[in-house]
Structures are given as C-alpha cells and as structure tokens.
Amino acid sequence: MSVEADTAQALVDAVFALGRSLRAVVAASGETPIAPALTSVLFVLAARGECRQNELATDLCVSQSSLSRQISELVDAGYVSRTADPDDKRASRIRVSPNGMDILRETTERRAERLRGMLEGWSQEQALAAVTSLTQLNDTFTTSVQQRGPRV
C-alpha cells in the first residue's frame, strides 16, 4: 500500500518545519563554543571514524570545497586531527581529537537534558514512538540516497 500524495506532502512539510525548529532551538541555546554546522561535522566524523575528507563529504552530502574550510577550522581549534594517508601521500586522513570528543560529549549531554525539559508534557511511550518514526524516516532517506547516489 502506497502513501497518498497529500500525506507525502504533509510529511515533507513537517520534516522541514522540524528542521527550522531545531535550528531555532540550537541558535537560541548557544550550546557549544563552535558553530552548529561544525558540531554536525564533528558528530558525523565521530560516528564514521577516521577517514579521508572526501569520504566524509560524501557522508555529509556536501562538496569537498565547503567541507575543507570547516575541517580547517576544526583542525585549527584542536577538535580534529589530520594525518598523512599511508596509502596515498597526497591525501590525508582526519579523525575527531580527544578535545573534539569532549565537546561532543558535553553537547550530547546538554542537548539531552534540554530536550528532556522541553518534553515534560510527553509520555515515555510518545517519546519512544517519535524515536521509532524519526529513525525509520532517516533510514528511508539514507537508503534512497545510497541507492541513487547524491545529486551534485
């Protein structure tokens, strides 16, 4: 059974509204000493583990040139380590540094506590249902992008 067009449009609208709300919450919180976009790069790099910058750019669905500036900022701040790639001396490998891991841990704890406060009127069941739905939606998006490849 397929999802109806009106339902798909309502879901698109809800996803974009959620994105705007999340940006507003993060902007209002002043939660980390680095920009939210850089925090996102750190989270994805930590989940992926050490890699080449072009591999991370693919994961983030961004161009290598835009990621290059962000990685340089993170390296300069001491949150990312860059080392020569043993397989290709022209390339480098990046990973989250111990200082970067500290920032991520603090950010995760702050976000969870703040969200917990915002969800005071929710039941545990409602929160778990939201996690299930959002995880399923993210998995669907990720699978679709992986099958089709990113559009550049």
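In terms of heavy-atom proximity, W122 sits nearest to A130 at CZ3-CB, 3.9 Å. Taking each heavy atom of L67 and A57 in turn, the nearest pair found is CD2-N, 3.4 Å.
Taking CG of L22 as the start and CZ of R111 as the end, the distance is 8.5 Å to the nearest 0.5 Å. Note that OG1 of T58 is 8.0 Å distant from CZ of R48, once rounded to the nearest 0.5 Å. Once rounded to the nearest 0.5 Å, the distance linking CD of Q70 with CG of L56 reads 9.0 Å. Taking OG from S63 and CZ from R69, the interatomic distance works out to 10.0 Å, rounded to the nearest 0.5 Å.
Of the candidates V96, T39, L42, L42 is the only one forming a side-chain contact (heavy atoms from CB on, under 4.5 Å) with L74.
The main-chain N or O of T140 is never found under 3.5 Å from a side-chain atom of S144 such that the two would form a donor-acceptor pair. Looking only at distances, no side-chain donor or acceptor of S68 sits under 3.5 Å from a matching main-chain atom of Q64.
Under the rule for a side-chain contact (heavy atoms from CB on, under 4.5 Å), the partners of V12 that lie at least two apart in sequence or sit in another chain are Q9, F16.
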message: Test side chain to side chain contact (heavy atoms under 4.5 Å, CB included) on T108 and R105; report intermediate values, then the result.
response: CA-CA 5 Å; T108 299; R105 186 180 57 259; 5.8 Å; no

- request: Step by step, work out the side chain to side chain contact (heavy atoms under 4.5 Å, CB included) result for L38 and Y79.
  value: CA-CA 10 Å; L38 297 179; Y79 300 131; over 6 Å; no

message: Applying side chain to side chain contact (heavy atoms under 4.5 Å, CB included) to L119 and Q126, what does each step give before you reach the verdict?
response: CA-CA 10 Å; L119 296 176; Q126 288 172 307; over 6 Å; no

field: Pair L137-L11, side chain to side chain contact (heavy atoms under 4.5 Å, CB included): steps then yes or no
entry: CA-CA 10 Å; L137 186 61; L11 186 56; 4.0 Å; yes

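Contacts classified as salt bridge (charged side-chain N to carboxylate O under 4.0 Å, His left out) and involving residues 118-141 (residues at least two apart or in different chains) are not found.
The shortest distance between side-chain heavy atoms of S81 and E50 does not fall below 4.5 Å.
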